[in-house]
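One structure below.
When reading the values below, keep in mind they use all heavy atoms of this one structure, side chains included, and skip hydrogens, waters and symmetry mates.
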Amino acid sequence: MANTTFSGPVRSENNVQLISKTASTGLVHDRTQSFGLHDARRYYLYEAFNQRPGLNAINIIDPDADSASALAATQAANKNFETLGTNMTTALTTFPGTQAGILMTTAGADQDQAILLPHLDTNQSAWSKVLWGTENQVEWECSISLPALDNQKVWAGLKLTNDQLVATDANQIFFKFQSDATNSEAFTTFANWHLVHSIGGTDYISKLPIAVAADTLYHLKIKIDSDRKATCFVNGVQYNITSTAGSTGGTAVTAVEAGKAATKSAALTDDVDLIPYIGIEAGAAAAEAINVHYTAISRHVFE
């Protein structure tokens with residue numbers, strides 16, 4: 001591999017990308033993280049979980065409390081993110097040690113949940129109080145991995161509520177994997193990642209050509225352009241998005257071919273403020289888990 005040294009700055013009209021190529025297939029991956037090379041016209045947030053998120057209540061200091069352990073837990077809690085969900089506890093989020101980031105585990109009963117979200121309290125965190133509107137050219141991403149694939153629903157992206165069901169939010173765009181249709185919608189396959197987006201109550205499900213594997217890193221990215229049209233990336237590969245409506249099933253889509261423009265979504269509903277969520281729900285009476293390594297979001301400073 002050749003090495004080139006420059007005596008001055010590297011300049012590009014349309015950003016700089018970090019690219020890798022799979023030798024066996026020739027597939028090119030864009031490995032650039034949105035928070036790497038900053039555009040002065042955009043506002044960026046990046047969360048690497050230097051502090052462990054817990055239930056929202058752990059951030060509330062009781063002025064009459066005299067418990068040193070309770071105060072220590074409050075001081076150590078993440079000030080930007082919290083966890084919630086059916087039977088979720090603060091103790092169920094840990095630093096796993098074997099992987100960077102956090103590990104969220106459900107409590108062990110059917111339909112238990114572990115959901116990560118920014119604090120929604122007034123003036124607590126820019127992650128929710130700097131609005132992520134469909135008109136703001138929002139870009140969101142995360143890196144996750146799943147220790148196992150059985151009996152679970154996993155969702156990650158931009159929504160109005162924390163619910164995993166496609167039909168709940170009238171406006172949204174998020175990735176979803178589920179191992180079955182129990183307590184959820186029916187997909188044509190339960191092996192793959194799907195990209196779900198909804199515009200004014202009409203749902204669209206893109207079946208991505210990516211079979212989900214355990215203990216595999218997935219860098220998920222969503223980009224909304226100045227026309228409010230969305231596109232998605234998984235591990236640096238851009239995928240087309242379906243225009244076929246439906247709240248079940250899923251329409252197969254392909255990776256964007258080299259030299260061709262991506263098929264994006266239709267324009268999302270204007271002026272809808274979305275919230276980043278990452279969650280897992282158990283589909284049986286056993287604990288399920290998700291590693292969240294980091295997450296990031298950015299938007300244009302002005303609308």
Measure the shortest side-chain to side-chain distance between Leu116 and Ile102 over non-hydrogen atoms and say whether it is less than 4.5 angstrom.
->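 Yes, their side chains come closer than 4.5 Å.
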Output all residues satisfying side chain to side chain donor-acceptor pair (under 3.5 Å) with Ser143, sequence neighbours left out; order by chain, then residue number.
->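 Checked Ser143 against side chain to side chain donor-acceptor pair (under 3.5 Å); zero matches.
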Using only atom types and a distance under 3.5 Å, with no angle test, would you say the side chain of [X] pairs donor to acceptor with the backbone of [Y]?
X	Y	answer
Asn171	Gly200	yes
Asn78	Phe81	yes
Asn192	Leu208	yes
His219	Leu217	no
His194	Gln178	no
Thr90	Leu55	yes

Indicate, with yes or no, if the rings of Tyr294 and Phe49 have centres closer together than 6.0 Å.
->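 Between Phe49 and Tyr294, which both carry aromatic rings, the centre distance is not below 6.0 Å.
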So, Lys176 and Glu185, do they make that salt bridge, N to O below 4.0 Å?
-> yes
Identify whether the distance between the nearest side-chain nitrogen and carboxylate oxygen of Asp227 and Lys264 falls below 4.0 Å.
->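 Looking at Lys264 together with Asp227, the answer is no, because their closest N to O distance does not fall below 4.0 Å.
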Apart from Tyr277 itself, members of its ILVMFWY cluster (side-chain separation under 4.5 Å) are Leu84, Ile115, Leu117, Leu120, Trp155, Val166, Phe174, Phe187, Phe190, Val196, Ile205, Ile275
